[in-house]
Amino acid sequence: METQGRIIKGVGGSYEVACDSEVYTCSAKGIFRNRGITPLIGDRVEFDVISERGRTGNVSRILERTNELKRPKVANIDQALIVFSIIRPVINFDLLDKFLILSEKEGVDAVVVLNKSDISGADEGAKLRRTYEDIGYKVVVMSALTQDGLGELRPQLSGKVSVLAGPSGVGKSSIVNCISQRSMETGELSRKIERGKHTTRHAELIRIDEDTFVVDSPGFTALATDELEPDEIAGCFREFRPFLGGCRFNDCKHLHEPDCAVKAQIGRAISQDRYERYRGLMP
């Protein structure tokens, strides 16, 4: 019997596929290996049921993907929760902006989640909130420890498949624990190097309710944007977009050229800090 489901976990060639309220353990047919295709977490698939009692099957077809992220390797994502701690570790704005840029490139909505408000103080969280809300992003300031702000986060997840992305030690797994009522392993932050231990080894799609999922993914501290063309980078800065095309030169890189409509907005619609991070990304 052939049916459809969504891959929620995959380890060593074995895939867990959610179908209604059941989960089937499936293998992928050799045709995928022969074509160099790897099923991804979040893939909608057709699979042949081998044993209804044992809940086993074979994935026979991967349905068309709406999007595909490379790191973490997940598909069909509605939004990305870009998770950073306000403090411990100190927020890395370069990395945060790279996550936002890649979300824009993939056409995935992004929500900025600033964790650890319980140890940072309200003023710092409010300042960071304004910075990214002014650009047009939804921002949630919260504490996974005290669950303050959790009521603001939950409506952002409802009915969507969300991937949590961000460096190690910022509390991604703790947030998943809060919203899923699961008890996932969490790591302590090294006081010496201010980096967290990798507590999530494999990306996994976790069902929150019938139509709400989150993907917890391994943390990482580096992110490549070298696949983006220079003109793509400018278009991934939301606050640049109203002014693109208004420069004297059609191929303006918004760096040293005269009569640049983007540079004219620095300190006004475009913050100096965000512009400097744009410059740092340009080859």
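Computation of the quantities below employed the complete heavy-atom set of this structure, encompassing side-chain atoms and omitting hydrogens, waters and symmetry-equivalent molecules.
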Point to revise | Check: R277 side chain, D94 main-chain N or O, donor-acceptor pair, under 3.5 Å | key: no

Check your understanding: Is a donor on one side and an acceptor on the other found under 3.5 Å between the side chain of K172 and the backbone of P167?
Key -> yes

Check your understanding: Which of parallel (below 30°), tilted (30 to 60°) and perpendicular (above 60°) describes F84 and F99?
Key -> perpendicular

Revision key, fill the gap. Note: R154 and C178 closest approach over all heavy atoms is NH2-O, 3.2 Å

Review point. Does the pair S117 and D148 meet the rule for a side-chain contact (heavy atoms from CB on, under 4.5 Å), with working shown?
Key: CA-CA 8 Å; S117 62; D148 183 48; 4.1 Å; yes

**Study point:** Check against side chain to side chain donor-acceptor pair (under 3.5 Å), N58 and Y15
**Key:** CA-CA 9 Å; N58 280 326; Y15 300 91; over 6 Å; no

Exercise for review: Give a yes or no on whether the backbone of T131 and the side-chain of D134 come within a donor-acceptor separation of less than 3.5 Å.
Suggested key: no

Practice item. Decide yes or no for Q265 and Y275: does some side-chain heavy atom of the first lie under 4.5 Å from some side-chain heavy atom of the second? Key: no

Point to revise | Distance-minimising heavy-atom pair for N76 and T66 | key: OD1-N, 2.8 Å

Check your understanding: Looking just at side-chain N and O atoms, do S85 and N115 make a donor-acceptor pair shorter than 3.5 Å?
Key -> no

Check your understanding: When clusters are formed by joining ILVMFWY residues with side-chain heavy atoms under 4.5 Å apart, either directly or through shared neighbours, do F93 and L95 land in the same one?
Key -> yes

Practice item. Check S14 against T25 and note the closest heavy-atom contact, atom names and distance. Key: OG-CG2, 3.4 Å

Check your understanding: Between atom CD1 of I77 and atom CD1 of I41, what is the distance when rounded to the nearest 0.5 Å?
Key -> 9.5 Å

Exercise for review: Return yes when atom CD of E64 has more than 12 non-hydrogen atoms of other residues, nucleotides or ligands closer than 6.0 Å, and no otherwise.
Suggested key: no

Point to revise | Side-chain heavy atoms of R274 within contact of D97, under 4.5 Å | key: yes

Exercise for review: Could you check K138 against E152 for salt bridge (charged side-chain N to carboxylate O under 4.0 Å, His left out), going step by step and ending with a plain yes or no?
Suggested key: CA-CA 11 Å; K138 175 64 181 178; E152 184 181 359; 3.4 Å; yes

Study note, to complete from the structure: CG (L102) and SG (C236) are apart, to the nearest 0.5 Å, by 7.5 Å

Check your understanding: Among the clusters formed by ILVMFWY side chains lying less than 4.5 Å apart, do L145 and I87 turn up in the same one?
Key -> no

Point to revise | L281 side, atom CG; E232 side, atom CD - distance, nearest 0.5 Å | key: 13.0 Å

Practice item. Measure the spacing between CG of D43 and CZ of R61 and express it to the nearest 0.5 Å. Key: 12.0 Å

**Study point:** Atom pair CD1 (I175) and CD (Q147), whose distance is rounded to the nearest 0.5 Å
**Key:** 11.0 Å

Point to revise | Crowding at CG, N34 (>12 non-hydrogen neighbours, <6.0 Å) | key: yes

Check your understanding: Do the non-hydrogen side-chain atoms of L153 and I179 ever get within less than 4.5 Å of each other?
Key -> yes

Exercise for review: Would you sort out whether V111 and I82 count as a side-chain contact (heavy atoms from CB on, under 4.5 Å), showing the intermediate values?
Suggested key: CA-CA 6 Å; V111 178; I82 311 300; over 6 Å; no

Review point. Do you reckon L40 sits in the same ILVMFWY cluster as V45, going by side-chain contacts under 4.5 Å, direct or chained?
Key: no

Check your understanding: Short question: side chain of Q79, backbone of Q156 - any donor-acceptor pair under 3.5 Å?
Key -> yes

Check your understanding: Heavy-atom count around R248 CZ within 6.0 Å, excluding the residue itself: above 12?
Key -> yes

Check your understanding: Counting N and O atoms only, with roles assigned by atom type, does the side chain of D209 sit under 3.5 Å from a partner on the main chain of D211, one being a donor and the other an acceptor?
Key -> yes

Practice item. Tell me, with the steps shown, if Q4 and L63 meet side-chain contact (heavy atoms from CB on, under 4.5 Å). Key: CA-CA 9 Å; Q4 292 188 3; L63 303 182; 3.8 Å; yes

**Study point:** Where I86 and G125 come nearest, the two heavy atoms and their spacing
**Key:** CD1-CA, 3.9 Å

Exercise for review: Would you check if F213 and R6 make a side-chain contact, meaning some heavy-atom pair closer than 4.5 Å?
Suggested key: yes

Check your understanding: Got a donor-acceptor contact below 3.5 angstrom from the R55 side chain to the V23 backbone?
Key -> no

**Study point:** Residues E68, R65: salt bridge by 4.0 Å N-O rule
**Key:** yes

Point to revise | Reported CG-to-CD distance for the pair D109 and E104, which is rounded to 0.5 angstrom | key: 8.0 Å

Check your understanding: When you measure from the side chain of S180 to the backbone N and O of I208, does any donor-acceptor pair fall under 3.5 Å?
Key -> no

Review point. Do L96 and I135 share a hydrophobic cluster, counting only Ile, Leu, Val, Met, Phe, Trp and Tyr and linking them when any side-chain heavy atoms are less than 4.5 Å apart?
Key: yes

Exercise for review: Measure across F47 and G5 and return the closest heavy-atom pair with its distance rounded to 0.1 Å.
Suggested key: CE2-N, 3.9 Å

Exercise for review: Check L205 against I7 and note the closest heavy-atom contact, atom names and distance.
Suggested key: CD1-O, 4.0 Å

Review point. Going through the distances and angles, do V113 and M142 end up as a side-chain contact (heavy atoms from CB on, under 4.5 Å)?
Key: CA-CA 7 Å; V113 180; M142 67 169 294; 3.8 Å; yes

Check your understanding: Would a hydrophobic clustering, with Ile, Leu, Val, Met, Phe, Trp and Tyr connected at side-chain separations under 4.5 Å, put I50 with V59?
Key -> no

Exercise for review: For the pair D78 (side chain) and V161 (backbone), establish whether a donor and an acceptor sit closer than 3.5 Å, ignoring hydrogens and angles.
Suggested key: yes

Check your understanding: Is the backbone of K253 close enough, under 3.5 Å, to the side chain of E257 for a donor and an acceptor to pair up by distance?
Key -> yes

Check your understanding: Would E276 and R279 pass as an ion pair if we require N to O under 4.0 Å?
Key -> yes

Review point. Are any of the side-chain heavy atoms of L255 and K263 separated by less than 4.5 Å?
Key: no

Practice item. Check whether the side chains of Y278 and E239 place a donor and an acceptor atom closer than 3.5 Å, and report yes or no. Key: no

Point to revise | K116 (side chain) donor-acceptor with R88 (main chain) under 3.5 angstrom | key: yes

Review point. With no hydrogens and no angle check, do the side chains of E2 and S60 hold a donor and an acceptor under 3.5 Å apart?
Key: yes

Review point. With side chains defined as the heavy atoms from C-beta onward, is the minimum distance between C260 and F249 less than 4.5 Å?
Key: no

Exercise for review: Taking the side chain as every heavy atom from C-beta outward, state whether I206 and V215 have any pair of such atoms under 4.5 Å apart.
Suggested key: no

Point to revise | Side-chain touch L114/V112, heavy atoms, less than 4.5 angstrom | key: yes

